Asker: 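Below is the structure I would like to discuss, written out as structure tokens.
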Amino acid sequence: MAKRFWLVKSEPGVYSIDDLERDGVTAWSGVRNYQARNFMRDDMRVGDTVLFYASGDEPGITGLAEVCKTAYPDETAFKKGHESFDAKSNRENPTWFNVDIKFVRQLAARLELSTLKKTPGLERMMVTQKGSRLSVQPVRPEEWEIIAKLAK
DNA sequence: GCCAACGTTGGC
DNA sequence: GCCAACGTTGGC
């Protein structure tokens, strides 16, 4: 399988690229959307590149990460009282999965959503579509090529 | 603060 | 199985 490219969203107040740099590796847990789960569980492989996207007041790509562990059951779903707890998931037949990602680098400057929207070739990116809420998204290789140039 | 988009829930 | 109501996301 050829290397793939992904985009994951996070609100900086919840988990930022600074947090990822500090942690080095983090479990991308707490995703409670089936489509996003399926991408993590079925398609993300070790070594895939991850664009780290910040939603909120200043939306844009803030850094790069890499998948460093393929999907395994999301522990936060089993923790009563945890905000991501899901009574419907259990260890025998888990509903939710997450991968681990590791910090690669921050971008020198945040690659703003407004820039992405204006850049030829990125019109089809999910993140540039109005109303796109998916928190784990595939990125096409040709889109990655464009973004890699912008992210120098 | 507003609102469009979208996913989920629940009544039928 | 349908679909209206509701809650959440997230850009503006």
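Model, not experiment: these values are computed from the prediction. Numbered from 1 within each chain, the chains take letters A, B, ... in sequence-line order.
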Asker: Rounded to whole angstrom units, what separation is found between the CZ atom of A/Arg110 and the C1' atom of C/dG11?
Answerer: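 Nearest whole value for this atom pair: 13 Å.
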Asker: Could you check A/Leu51 against A/Trp144 for side-chain contact (heavy atoms from CB on, under 4.5 Å), going step by step and ending with a plain yes or no?
Answerer: CA-CA 9 Å; A/Leu51 307 176; A/Trp144 162 252; 3.4 Å; yes
Asker: Could you tell me how far apart A/Asn33 (CG) and C/dG7 (P) are, to the nearest whole angstrom?
Answerer: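 Answer to the nearest Å: 19 Å.
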Asker: At 4.0 Å (heavy atoms only), tell me whether A/Leu113 reaches a base, stays on the sugar-phosphate, or touches nothing.
Answerer: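 Sugar-phosphate: the residue A/Leu113, judged by heavy atoms under 4.0 Å, touches backbone atoms but no base.
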Asker: A/Leu116 CG to C/dC12 P: how many Å, rounded?
Answerer: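 It works out to 11 Å between those atoms.
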Asker: Do any side-chain nitrogens or oxygens of A/Lys117 fall under 4.0 Å of OP1 or OP2 in C/dC12?
Answerer: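 True: A/Lys117 side-chain N/O within range (under 4.0 Å) of C/dC12 OP1/OP2.
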Asker: Could you tell me whether the phosphate oxygens of B/dC6, OP1 or OP2, come under 4.0 Å of any side-chain nitrogen or oxygen in A/Tyr34?
Answerer: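 No, A/Tyr34 has no side-chain N/O under 4.0 Å of OP1/OP2 on B/dC6.
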Asker: Rounding to an integer number of Å, can you tell me how far A/Arg37 CZ sits from B/dT8 P?
Answerer: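 Going from CZ in A/Arg37 over to P in B/dT8 covers 10 Å.
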Asker: How long is the line joining CG of A/Asp86 and P of B/dT9, in whole Å?
Answerer: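 Between P of B/dT9 and CG of A/Asp86: 9 Å.
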Asker: Just how far, in rounded Å, is C1' of C/dG11 from CE of A/Met126?
Answerer: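 Taking CE of A/Met126 and C1' of C/dG11, I get 18 Å after rounding.
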Asker: Evaluate side-chain contact (heavy atoms from CB on, under 4.5 Å) for A/Phe103 paired with A/Val25, printing each intermediate quantity in order.
Answerer: CA-CA 6 Å; A/Phe103 178 78; A/Val25 172; over 6 Å; no
Asker: For the pair A/Leu7 and A/Met126, evaluate side-chain contact (heavy atoms from CB on, under 4.5 Å) and give the outcome as yes or no after the intermediate values.
Answerer: CA-CA 9 Å; A/Leu7 180 148; A/Met126 272 192 208; over 6 Å; no
Asker: Quickly work out the A/Arg133 CZ to B/dA4 C1' distance and round it to whole Å.
Answerer: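 From A/Arg133 CZ to B/dA4 C1': 10 Å.
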Asker: Between A/Lys130 and C/dG11, is there a side-chain N or O to OP1/OP2 distance below 4.0 Å?
Answerer: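 False: A/Lys130 side-chain N/O out of range (4.0 Å or more) of C/dG11 OP1/OP2.
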Asker: Grab the NZ-C1' distance between A/Lys9 and B/dG7 for me, whole Å please.
Answerer: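 Answer to the nearest Å: 13 Å.
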Asker: Pair A/Val136, A/Trp28 - check side-chain contact (heavy atoms from CB on, under 4.5 Å), show working.
Answerer: CA-CA 10 Å; A/Val136 176; A/Trp28 205 250; 4.3 Å; yes
